[in-house]
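On a predicted model such as this, the values are computed, not experimentally measured, just so you know. Counting starts at 1 for both ligands and their atoms, following the listed order.
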Amino acid sequence: MKIDIKSLNMQELALQFKALGEPSFRAKQVFIWLHKGAASFHEMTNLSKPLRETLSARYFITVPTVERKLVSKLDGTIKYLWRLKDGNCIETVLMKYRHGNSICISTEVGCKMGCVFCASTQAGFVRRLAPSEILDQVLFTQLDSGEPISNIVLMGIGEPLDNYESVLRFLELVNHPDGLNIGMRHISLSTCGLVEQIERLAQQDLQLTLSVSLHAPDDETRSKLLPINRAAGVEKLMSTCRAYFEKTGRRISFEYALIDGVNDAPWQADLMVRRLRGMPGHVNLIALNDIAESPLKPSRRMAAFQQQLEERGVTATVRRRLGLDIAAACGQLRRSTLFGGNDRETQVKHNENLAKN
Ligand code: SF4
């Protein structure tokens, strides 16, 4: 069995080279090549030919291929559908902002969390991504688009904390000074609220931004929207978030997709304020990017809800929606576009109707 060399960190690479009887600086040379997107060992021209052959026999390099690339005519957002080594597909979105380019990456093939408004979970869960496959989305999007990436959000297909070890390794790799060297403060990790993993993450004391998909402040509504809420209710989640803030000093961002008649009532805004009392947090209001399969519709009370939060001292912003014409907005990423269905077209038509109304 060949080893996935790009998932190894610098220390592990050094041990591999030591076992091959090679000097330790080889680890750094190979790490640099891999993190520049080298597709084969033969490209590594500062290694001897026999060493390149030994490496090819023992290790493999992950290289995703572009299955489909869509560019938004509205805002230049680019959505990639990548085909992985085993034939599975994942999506990645590159968003252009004035302050730099952000990439939204996937961490799993499919998702098992079952959030009712999310396309990523509709076709079920297949497998977790390896650290190399998470990193490749940044590397190859940058190479293919020619756009430098300065910010990363782990908010694509999959629940990042359900793939905890690989995500932690990815963070280490992408942050490495000999690699892409993207600072933790430029990385946001989104979770639907896996409390045990949030507790573990707090112990890492990373300077990234934790985004918690809250979407409702009461258990009844949240359990209907996010089944994970039945495992640990809102109170437990909020106390975990409070402990996370106390440990890391990092303000948490609470995602809240406003849904017509479901979570946009004045009493829910009031409860949000009470839930956030004593904890510096930020509420990111999102107009629901509805998906064709779901009857849920975007709220018409966005401004009123935001005002109610702000009047009570809670910072609340409305997230800009990007990539609507290519179904690249939050919650619209899916892996099934590969399999010949017309689900993307259905979604885009759906979004066009949404934009008209
Ligand atoms: S919102 Fe995130 S956690 Fe929930 S189903 Fe979608 S990808 Fe999974």
Side-chain angles (χ1 to χ4, degrees), residues 79-82 88-93 95 103-129 133-134 137 152-164 166-167 170 187-198 201 208-216 219 221-234 237 240-241 252-259 262-263 283-296 298 319 321-323 327-337 343-344 347:
K79 181 165 83 165
Y80 287 94
L81 179 71
W82 298 106
N88 275 306
C89 278
I90 49 166
E91 291 190 324
T92 302
V93 179
M95 297 155 291
I103 189 172
C104 176
I105 57 175
S106 299
T107 52
E108 296 180 319
V109 179
C111 186
K112 60 178 91 148
M113 296 298 148
C115 306
V116 295
F117 46 80
C118 177
S120 305
T121 198
Q122 299 293 325
F125 171 78
V126 179
R127 69 170 176 88
R128 299 181 169 111
L129 295 184
E133 293 171 318
I134 306 174
Q137 296 169 65
I152 300 173
V153 293
L154 288 90
M155 213 179 263
I157 301 171
E159 160 58 54
L161 295 184
D162 180 58
N163 190 8
Y164 187 87
S166 289
V167 164
F170 157 74
I187 300 175
S188 295
L189 186 151
S190 170
T191 177
C192 64
L194 305 189
V195 293
E196 276 171 36
Q197 284 88 330
I198 295 174
L201 189 66
L208 52 73
T209 300
L210 183 66
S211 290
V212 173
S213 299
L214 194 61
H215 303 308
D219 281 323
T221 312
R222 191 165 192 272
S223 293
K224 279 185 200 149
L225 297 174
L226 296 92
I228 189 70
N229 195 64
R230 292 177 206 138
V234 178
L237 176 59
T240 306
C241 289
I252 293 175
S253 172
F254 293 95
E255 310 295 309
Y256 202 113
L258 275 171
I259 306 169
V262 174
N263 62 358
V283 179
N284 204 359
L285 296 172
I286 309 158
L288 179 78
N289 295 309
D290 56 343
I291 57 171
E293 297 91 333
S294 166
L296 302 175
R319 187 193 288 166
R321 301 202 288 177
L322 295 174
C330 264
Q332 295 187 323
L333 301 192
R334 57 179 83 220
R335 64 186 173 84
S336 55
T337 31
D343 56 333
R344 188 190 73 80
Q347 185 67 59

Show the atoms of ligand 1 that are less than 4.0 angstrom away from any heavy atom in Cys111.
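Near Cys111, meaning under 4.0 Å from one of its heavy atoms, ligand 1 has 3 (S), 5 (S), 7 (S), 8 (Fe).
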Would you mind running through ligand 1 and noting each atom that sits below 4.0 Å from a heavy atom of Cys118?
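In order of numbering, the contacting atoms are 1 (S), 5 (S), 6 (Fe), 7 (S).
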Hey, looking at atom 3 (S) of ligand 1, which of Met113, Met155, Gln122, Glu255 has the closest heavy atom?
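The residue whose heavy atom sits nearest atom 3 (S) of ligand 1 is Met113.
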Just going by heavy-atom distances, which of Ser213, Gly158, Ser120, Ala257 is nearest to atom 2 (Fe) of ligand 1?
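Nearest heavy atom to atom 2 (Fe) of ligand 1 lies in Gly158.
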Measure the CZ-CG distance between Arg319 and Asn284 for me, rounded to the nearest 0.5 Å.
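Answer rounded to 0.5 Å: 5.0 Å.
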Under a 3.5 Å distance rule, please check whether Asn163 uses its side chain to pair with a backbone N or O of Thr107 as donor and acceptor.
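Yes, because the side chain of Asn163 sits within donor-acceptor range (under 3.5 Å) of the backbone of Thr107.
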Ring-ring centroid check His215 Phe254, cutoff 6.0 Å:
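No, the ring of His215 stays outside the 6.0 Å limit from the ring of Phe254, centre to centre.
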Can you tell me if Cys115 has an N, O or S atom under 2.8 Å away from atom 6 (Fe) of ligand 1?
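Checking Cys115: none of its N, O or S atoms is under 2.8 Å.
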Exercise: do Ser120 and Gln122 side chains pair donor with acceptor under 3.5 Å
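Short answer, no.
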Can a salt bridge be assigned to the pair Arg128 and Glu133 using a cut-off of 4.0 Å between side-chain N and carboxylate O?
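Looking at Arg128 and Glu133, the cut-off is not met.
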